[in-house]
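Here's the structure, in structure tokens; my notes come after.
Please read these numbers as outputs of a predicted model, since none were measured by experiment. Numbering of residues begins at 1 and proceeds along the displayed sequence.
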Amino acid sequence: MNRPQNYYLSGLIILWLLVHTFLIQHYGFRELEDGVSHIKGADYLLKYKRLEDTRHIFYLTTISLIAVFRWIFPGQIMPFIFAQCILSGVAMVSLYFSSVKIFNTKLAGFITGLVFLLWWDNIHWNTTTMTESLSCSVTCFIIYCLVFFKDTVKDYVIIILLVIVITFTRPTGVITFVGVVSFFLYYYWQQIMAKPVLKFGIPVLLLLIGLGGSYIMFSRWDFSKQLKAGNIVTYMNQIEGTPLYEESLHLPSNNIDLGDPDSHPMLKMASYVFFNPGHFVKTASLKIWYLISFYRPYYSTAHNFLTMSWTFLIYILFFFGFRNTLHPIKVFAATVIIVNCALIGIATVDWDNRFFIPMEPGIVLLVGGGGALLYKRLISFLVKLF
């Protein structure tokens, strides 16, 4: 019997139970913001057997699951939350085994699971009816499939199904899709470079898919209003004059040129970047900074200090974990981080930083390897010292 692994897994499962017991006692079952809309959409789906709003297609996974649980348990939301928490526990276990696989040490898996459970800003979404929890869990399962990928038909089918699920869990699922594509490009790089048709055809195909995807995305979400308003945090301009308003998070400019007001939002975005490079760089940099630092001017000094100390530790461990593996999964993680930051740069960062969720599983995975490496070096240093 493999006692270390049993101890590690048992410890993580016990911690999962303690963390979620505390979360439920502290927060209860929350129906925040979009979560209320998802419940309403689920009830509408049950009653009329169709979606209430066409935009709900982008949240179909969450709305459908809520509908299933509301069908089994009429009027209840607690069973869905419980199921969501359990799924997050399974996702944590999948990250554990993924980390053990790529770093060849059970300690890496334990550290990965530990950070996953203790990262409060991310784990608390398990007690809401929003899409963040499901999105995070499905990303963990995708990572597991990529780490254990063996180039079989079964592997491809499972990964494709998971990508479809996350694409319809929340719009940011497209970020994970891009990460999966980058993984396979890296995985098959030598074969691609050896065939001229693939060498030139794949970039053209990806360019067309990228342009088509961007056109669809900008058709659905017009960022020009937020850009023109100079919002760093979503809708900051709409609360000007209230206690929550932060002037540093609202950088409007009267000289912003978005081109033809009747043009497609994609062209407005291009015009904004081309004609307002200074404003674009400044606002985009601030949005990305707030995203990755978790710092907010409206948080207390103690809150910001603790949060930034934690994230600083996370990024140090991530750096060493990234350097400590040659597995293609790090390409997936890096791509998701870059694409997510880029999208935040042209959109806005949210109040509670829920837009960080697409990056979290990949970061936590590599944090385990970095933590195990530094632990090994620390023990070696102490042995030599004493």
Side-chain angles (χ1 to χ4, degrees), residues 19 22-38 115 118-133 135-136 170-172 175 221-254 256 272 276 278-315 337 340-360 363-364:
V19 166
F22 179 78
L23 282 172
I24 292 172
Q25 288 182 340
H26 181 70
Y27 288 119
F29 304 104
R30 298 175 293 165
E31 303 171 6
L32 303 177
E33 302 175 33
D34 295 341
V36 176
S37 174
H38 297 153
V115 171
L118 296 180
W119 201 339
W120 189 266
D121 292 283
N122 297 314
I123 199 70
H124 79 87
W125 293 109
N126 289 347
T127 61
T128 74
T129 55
M130 296 175 69
T131 59
E132 279 67 30
S133 177
S135 176
C136 181
R170 59 179 289 109
T172 52
I175 299 172
W221 291 279
D222 186 355
F223 299 131
S224 62
K225 294 180 180 179
Q226 291 286 309
L227 294 171
K228 196 171 184 63
N231 288 330
I232 304 301
V233 168
T234 311
Y235 304 123
M236 182 58 70
N237 65 309
Q238 295 184 14
I239 61 168
E240 192 169 355
T242 70
L244 284 175
Y245 179 74
E246 286 289 341
E247 188 176 0
S248 62
L249 300 178
H250 182 209
L251 303 177
S253 174
N254 296 324
I256 291 180
Y272 165 70
N276 312 277
H279 191 269
F280 168 69
V281 171
K282 185 176 182 179
T283 56
S285 299
L286 286 172
K287 294 168 191 174
I288 294 171
W289 156 248
Y290 288 123
L291 175 75
I292 64 176
S293 69
F294 281 79
Y295 172 85
R296 294 293 189 279
Y298 42 78
Y299 290 164
S300 69
T301 301
H303 185 136
N304 279 322
F305 175 78
L306 290 173
T307 299
M308 294 183 71
S309 296
W310 170 261
T311 53
F312 181 69
L313 173 63
I314 291 294
Y315 294 143
I337 291 171
N340 192 58
C341 286
L343 286 177
I344 291 299
I346 63 174
T348 55
V349 71
D350 207 8
W351 287 81
D352 43 31
N353 226 34
R354 61 194 177 102
F355 296 156
F356 188 90
I357 291 295
M359 307 188 295
E360 187 223 352
I363 290 175
V364 171

- Take atom OH of Y298 as the centre, draw a 6.0 Å sphere, and report whether it contains more than 12 heavy atoms from other residues, nucleotides or ligands. yes
- Task: Output the distance between atom CD1 (I175) and atom CG (L343), rounded to the nearest 0.5 Å.
- Result: 5.0 Å
- Query: Taking side chain as C-beta onward, heavy atoms only, is L251 less than 4.5 Å from K282?
  - Reply: yes
- Message: Working to the nearest 0.5 angstrom, can you tell me the gap between N237 CG and H250 NE2?
- Response: 4.5 Å
- Between L291 and C341, what is the shortest heavy-atom contact and its length? CD2-SG, 4.0 Å
- Query: Would a 4.5 Å heavy-atom cut-off, applied to side chains only, mark P358 and R170 as touching?
  - Reply: no
- At what distance, to the nearest 0.5 angstrom, does CE of M130 lie from OG of S135? 11.5 Å
- Message: How close do A229 and P252 get, counting heavy atoms only, and between which atoms?
- Response: O-CB, 3.5 Å
- Message: Check whether T307 reaches the backbone of H303 with its side chain - one donor and one acceptor, N or O, closer than 3.5 Å.
- Response: yes
- Query: Got N353 and D121 here, is their nearest side-chain heavy-atom distance under 4.5 Å?
  - Reply: no
- Could you grab the distance from atom CG of N231 to atom CD1 of I239, nearest 0.5 Å is fine? 9.0 Å
- Item | Pairwise distance CD1(I363) to CD1(I337) - rounded to 0.5 angstrom | 4.0 Å
- Assess whether atom OH of Y245 is packed by more than 12 heavy atoms of other residues, nucleotides or ligands within 6.0 Å. yes
- Item | Nearest heavy-atom neighbours spanning G28 and T127 | O-CB, 3.7 Å
- Could you grab the distance from atom CD1 of I344 to atom OH of Y290, nearest 0.5 Å is fine? 14.5 Å
- Looking at side-chain heavy atoms only, is the closest gap between L244 and W351 below 4.5 Å? yes
- Message: Within the 4.5 Å heavy-atom criterion, are R296 and V349 side-chain neighbours or not?
- Response: yes
- Message: I want to check something: taking the side chain as every heavy atom from C-beta on, are W119 and V364 in contact at a cut-off of under 4.5 Å?
- Response: yes
- Minimum-distance pair of heavy atoms, taken over all atoms of S133 and N126: OG-OD1, 2.6 Å
- Message: Can you give me the closest heavy-atom contact between A347 and K287, atom names plus distance?
- Response: O-NZ, 2.6 Å
- For I292, does its backbone N or O pair with a side-chain atom of Y315 as donor and acceptor, under 3.5 Å? yes
- Query: Going by heavy atoms in the side chains, are W125 and D352 under 4.5 Å from each other?
  - Reply: yes
- Message: One pair to check against side chain to side chain contact (heavy atoms under 4.5 Å, CB included): T348 and M236. What are the steps and the verdict?
- Response: CA-CA 10 Å; T348 55; M236 182 58 70; over 6 Å; no
- Message: For the CZ atom on F312, are there more than 12 heavy atoms of other groups (residues, nucleotides or ligands in this structure) within a distance under 6.0 Å?
- Response: no
- Query: Taking C-beta and beyond as the side chain, do Y295 and T311 meet within less than 4.5 Å on heavy atoms?
  - Reply: no
- Item | Shortest non-hydrogen contact between N122 and F356, atoms and distance | OD1-CD2, 4.0 Å
- Does the ring centre of W120 sit less than 6.0 Å away from the ring centre of F294? no
